[in-house]
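Everything below concerns the one structure shown next.
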Amino acid sequence: MIRWLRSRMSVKLAALVLGGTTIVFALVLGYSYYSSREIILAEAEKNARNLSFSVARRIEQEFRAIAKVPENLAAFLEIGRLDKDTLLQLLRRTVEDNREIFGSTVSFEPFCLDEGQRYFAPYYFKTNEGLAYEQIGSDTYDYFVKDWYYLPKVLKAPLWTEPYFDEGGGRIVMVTYSCPFFERDPVAGRGRLRGVVTADVSLEWLAKLVGSIQIAGSGYCFIVSETGAFVTHPRKDLIMSESMFSLAEELHDVNLRTIGIAMTREESGFVDVGSTMTGQDAFLAYARIPSTGWSLAAVFPKTELLAEVNELHRTNVLLAAVALLLLLTVSLLVARSIARPLRTMALATKRVAQGELDINLSSVRSQDEVGQLAAAFVRMTEGLKERDRIRNTFGRYLTREVVNRLLESKDGLRLGGENREITMIMSDLRGFTALTTSLPPEKLLAYLNRYLGKMVDILIDYQGIIDEIIGDGILAFFGAPEPLEDHPARAVACALQMQAAMDEINALNEADGLPRLDMGIAVNTGYVVVGNIGSEKRAKYGAVGSQVNFTGRMESFTVGGQVLISSTTYERVAGLLDVRNVLEVEMKGIPGKVALYDVRGIKGEYNVTLADTADTLIVLKQAVTAQVYLLDQKVVSSAGVAARITEVSLTTAVLVLPEPVARWTDVRIIVGDDRTEQVRGEAYGKVISMTKAEDRYQMVVRFTSASPEAQKIFREAVHSS
Amino acid sequence: MNLHQVERILCKPLIVLICLVFFLTCDGIGTETSLKQVSLLPQWIPQAQFAGYMVAVEKGFYRDAGLNLTLVEGGPGKPPFDLVASGNVTFCTEWLSNGIKKRSAGLQVVNLAQVIQKSSMMLVAKKKSGINSLKDLEGKKVGLWVDHFFLQPMVLFRKNNLKVDVILNYSSVGLFLKGGVDAMSAMWYNEYHTILNSGLNKDELTAIFCSEEGLNFPEDGLYCMEQTFRDDPEMCRAFAAASLRGWLYAFEHEQETLEIVMKYAQAAHTGTNKAHQRWMLARMKDLILSSGDTERVGKLRPADYELVGGVLKEFRLIDNLPNFDDFYRGQK
């Protein structure tokens with residue numbers, strides 16, 4: 001699976017792009033989320049603090065205003081004496097006129113106002129039915145020991161009480177501002193306590209005030225007293241029973257206790273209150289209400305503060321996901337557009353490697369680098385095709401090895417040569433030249449090329465280098481440019497093979513009504529100079545040297561069907577050869593006799609043997625008359641010698657002459673009557689033996705070619721014999 | 001025969017009629033009307049200080065003991081011994097020192113069980129006031145509750161030759177929190193926790209325990225008139241046993257007990273909260289099972305009796321210490 005993934009560029013590209021972009025997105029989104037959170041929270045804190053401050057101040061103002069009332073009354077009571085009625089009226093007005101005051105009392109020390117009365121504590125308070133009046137002191141309600149009375153007495157100062165349920169007075173939950181008043185002596189100053197003036201504030205009213213404060217979402221305000229007890233709270237069950245500390249204890253929340261302590265001791269603050277108090281994570285901003293020492297808190301659920309930011313973030317993440325998806329799709333598409341043509345080209349390359357050079361990349365249409373690559377690829381294959389064509393073309397004219405050498409080796413084209421021992425073979429067709437006049441050109445060339453084609457095939461087989469083809473003659477050599485260890489044996493075997501192939505060619509020729517061809521081959525081994533002969537503009541790979549000339553001269557001694565090898569060649573392959581004959585000839589310019597070996601077969605690795613030709617001379621019953629003309633260097637002399645053909649075979653004829661002819665002379669024989677001028681047949685041959693018989697000379701001529709008429713005559717003569 | 005057996009028998013139709021007759025004529029079967037009607041007045045408002053008795057009522061332990069007990073709501077203005085003496089209530093809870101004083105003064109009360117075995121009385125001071133130990137109270141303003149709460153602190157001061165400025169404290173912790181006094185007397189199971197939950201941390205307070213200053217006076221006990229005891233000692237013992245059973249159950253079932261206590265407290269509008277009652281119940285366990293030995297639950301030891309009596313006599317609050325066996329009628 002991993003390998004498959006790694007082999008596909010589209011996957012890699014997509015993964016990289018996606019991975020990179022995801023990381024970038026994650027970083028950016030993460031940063032933006034957290035910084036916007038921070039901003040929101042900072043803003044929220046500011047707002048929260050402001051809100052708690054302003055609410056606290058509002059309540060402070062209320063309380064300050066409320067406190068003023070008993071303070072003023074207390075001051076008044078200190079200054080002068082009041083009679084009961086006036087006092088009661090004053091008290092009544094106090095409660096009536098002040099909306100925020102639930103009730104008010106002036107409670108006197110025992111027997112202070114009236115020496116007969118222990119308790120004197122008139123109390124006006126509001127009810128549903130209107131203003132009510134009570135004397136709150138009694139045996140069942142000893143107000144002297146109540147906090148609202150006793151505490152200011154002991155402390156000698158006004159104070160706000162803790163919230164309490166007043167069972168003696170208004171029978172509601174309230175807080176009381178108690179203001180003690182004393183005897184005032186102009187000299188001694190403050191004296192004994194005379195009583196306490198109170199203003200009761202209903203917690204209902206306070207709760208309504210605090211409850212009316214709007215905080216976004218499910219936030220709310222609450223007030224705790226100096227001891228952390230809940231004075232107002234949306235949860236009514238907390239009021240008068242729980243405090244921040246009891247809640248903290250019950251909920252095992254140390255943080256809450258810490259906050260409670262901070263609230264009861266510090267002026268203001270902004271804290272993370274967690275989720276124990278409100279059920280969800282929230283912030284809490286608190287501010288002191290100085291007069292009462294209470295603390296107002298505003299609670300903001302975190303989720304609501306961060307709701308918008310979270311929503312934004314969610315949207316961002318969604319958009320990012322969509323973007324990534326799009327990116328994935330696009331990058332896959334892009335990668336595919338690159339990968340597909342590349343894959344096509346990879347397949348094409350495989351085919352090119354297998355030799356298939358017809359590549360069609362028209363499916364790659366783009367103009368970009370990939371398209372350019374495809375175009376270049378096609379140009380390359382076309383170049384390869386061209387090179388192959390050139391190579392093949394060259395191969396027609398030069399052997400493949402030479403072509404390869406020229407095209408592939410650095411030095412291939414270098415002119416200049418080297419001295420090398422090679423084995424050369426030279427061949428030509430006997431009597432072909434004579435046919436050049438009698439056959440039409442196309443037929444002549446076809447005739448020739450049939451022969452040459454076969455010979456070239458054999459030469460290529462034996463890795464011979466064809467130096468020249470001049471007309472019907474071939475000069476080839478073995479052992480250059482690539483060195484061949486067994487070039488003598490190879491050359492001999494090749495020559496023999498070529499001779500052997502003549503039967504096949506002649507069979508085809510006869511079938512086409514074309515005359516027989518006989519080939520003679522000479523094989524010679526020696527040192528020559530091989531290399532690129534010519535100039536930059538026109539050159540050939542060939543051999544030069546005296547040994548080349550010698551090979552040509554050897555060749556002239558061959559008769560059809562014969563392979564003659566030189567002594568140097570013979571010495572190199574002697575053990576393998578089946579030598580029929582050794583000819584001793586004289587060559588111009590070379591002293592003494594030159595031995596030429598007539599070879600019929602080679603054993604060993606190549607193992608080629610020529611079939612013996614059924615070549616028995618048949619004695620003619622009736623001798624055929626002929627004229628013999630001597631050929632001196634292929635020039636026919638006009639003087640002809642009358643002769644009689646006494647024996648004839650497919651390849652040879654025995655003639656009787658009055659004059660001798662030198663051995664190895666090329667002769668032209670006109671088969672026909674002396675008397676008639678009608679040329680009946682023509683044949684060419686070589687004198688291979690000359691013997692004297694009484695007063696006549698017997699000449700054995702080996703045919704090199706015979707015209708069809710001559711052949712017909714011979715055949716008739718043979719059949720009638 | 002109890003109700004379960006009755007139900008089983010009632011299932012058999014042939015005997016139904018017979019049982020009905022039997023039911024009507026025989027007074028040996030348990031019904032509502034044959035439980036003894038009694039009442040118990042705790043010495044203060046309903047709180048975990050009296051959890052054992054609430055539990056005993058709710059779980060039917062008194063019923064099992066043959067008592068139909070009414071738990072009277074206690075509080076200020078309801079002196080327990082007065083109401084027992086007047087016959088308004090059968091039983092009450094009160095401090096040992098008070099019991100001895102009353103007995104010595106002639107009121108024939110008897111102790112049926114000594115529930116709280118230790119003193120929970122303490123003095124609490126703000127370290128901020130410079131009070132870190134008992135001797136630092138010299139010259140300071142100390143808020144003391146009146147009546148019998150006065151005794152131990154005063155004895156403490158006199159024993160340690162401390163001159164303090166005593167200010168009477170008529171209510172809870174307000175005077176102390178507002179700074180009217182530097183220290184105040186408090187009950188370990190009650191006001192001490194109230195102070196903690198008013199925003200003062202433990203490390204900001206100095207706590208002086210009477211129990212550690214040689215004044216380990218056992219406190220709450222169960223009392224009734226001697227006559228009541230003489231008339232029906234079994235009932236009194238059964239009452240004491242059921243009460244102690246209630247306490248033991250309460251200590252084993254904290255959650256359930258707290259629910260019961262909160263029910264009674266809220267019915268009386270005491271304005272308490274669970275955290276406070278939880279603390280109080282835990283302290284009760286410490287005070288009632290102080291020896292850790294359930295065998296000793298509710299037993300008044302002569303040594304403790306001597307200790308308390310001795311101090312009372314020393315400070316001339318009593319003339320003579322009544323006879324132990326006359327006073328204490330509970331388990332020995």
Side-chain angles (χ1 to χ4, degrees), chain A residues 138-157 159-165 167-168 171 173 178 224-230 237-254 256-266 293 295, chain B residues 45 47 75-78 126 128 141-147 165-182 184 191-204 254-255 258 261-262 265-280 282:
Chain A
S138 69
D139 291 330
T140 49
Y141 188 78
D142 186 17
Y143 64 76
F144 303 117
V145 300
K146 297 295 171 194
D147 273 2
W148 60 262
Y149 188 94
Y150 189 65
L151 258 50
K153 176 176 178 177
V154 170
L155 291 165
K156 297 189 175 57
L159 53 86
W160 282 95
T161 66
E162 287 288 301
Y164 65 105
F165 181 82
E167 75 276 17
R171 284 170 291 278
V173 177
S178 302
V224 295
S225 71
E226 259 187 329
T227 62
F230 291 108
D237 61 303
L238 296 179
I239 302 171
M240 288 303 295
S241 55
E242 302 274 2
S243 68
M244 288 288 283
F245 308 108
S246 64
L247 265 191
E249 187 175 342
E250 192 65 12
L251 298 171
H252 305 288
D253 189 346
V254 179
L256 202 61
R257 184 177 171 92
T258 315
I259 293 172
I261 290 194
M263 283 174 74
T264 53
R265 298 194 199 186
E266 285 161 38
S295 189
Chain B
I45 56 171
Q47 54 189 19
K78 293 186 180 178
K126 289 180 201 164
K128 219 168 33 169
K141 290 201 220 151
V142 182
L144 299 179
W145 288 320
V146 296
D147 300 332
D165 184 5
V166 174
I167 308 227
L168 295 179
N169 186 7
Y170 293 103
S171 67
S172 190
V173 299
L175 190 62
F176 174 72
L177 292 176
K178 289 247 187 238
V181 289
D182 303 311
M184 68 173 276
E191 286 74 23
Y192 180 62
H193 185 255
T194 309
I195 293 168
L196 288 176
N197 270 7
S198 297
L200 287 170
N201 288 329
K202 211 160 154 192
D203 55 13
E204 292 169 315
E254 190 202 45
Q255 204 49 46
L258 284 174
V261 168
M262 287 306 290
Q266 275 158 0
H269 304 290
T270 62
T272 187
N273 55 64
K274 228 179 193 170
H276 191 64
Q277 296 305 317
R278 197 186 294 273
W279 168 275
M280 196 181 287

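Every chain is numbered from 1, with letters handed out A, B, ... down the list of sequences.
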Could you tell me which portion of [X] (side chain, backbone, both or neither) has an atom closer than 4.5 angstrom to a non-hydrogen atom of chain A?
X	answer
L175(B)	both
I195(B)	neither
E204(B)	side chain

For H193(B), enumerate each residue passing the ring-ring contact (aromatic ring centres under 6.0 Å, His included) test, keeping only those at least two apart in sequence or located in another chain. H276(B), W279(B)
To the closest 0.5 Å, what do you measure between CG (N273(B)) and CG (L247(A))? 8.0 Å
Spacing of CD belonging to E162(A) relative to OG belonging to S172(B), to within rounding of 0.5 Å: 10.0 Å
Establish, from distance only, whether the side-chain atoms of E249(A) and N197(B) form a donor-acceptor pair under 3.5 Å. yes
Under 4.5 Å from any heavy atom of chain B, what part of [X] do you find: side chain, backbone, both or neither?
X	result
E242(A)	both
W148(A)	neither
L159(A)	side chain

Taking every non-hydrogen pair under 4.5 Å, which of V173(B), T272(B), N169(B) racks up the most with chain A? T272(B)
Below 4.5 Å, heavy-atom pairs only: which of L177(B), I167(B), L168(B), T270(B) has the largest tally toward chain A? L168(B)
State which residues pass side-chain hydrogen bond (donor to acceptor under 3.5 Å, both in side chains) with D237(A); sequence neighbours excluded, sorted by chain then number. R235(A)
On a heavy-atom basis, which atom in L151(A) and which in K178(B) lie closest, and how many Å separate them? CD2-CG, 4.3 Å
Here the pair of heavy atoms bringing A275(B) nearest to S246(A) is CB-O, 3.5 Å
R278(B) side chain reached by E250(A) side chain, heavy atoms, under 4.5 Å: yes
Heavy-atom neighbours of K126(B) NZ exceed 12 at 6.0 Å: yes
Would you mind telling me which of M240(A), R257(A), E226(A) has the largest number of heavy-atom pairs within less than 4.5 Å of chain B? R257(A)
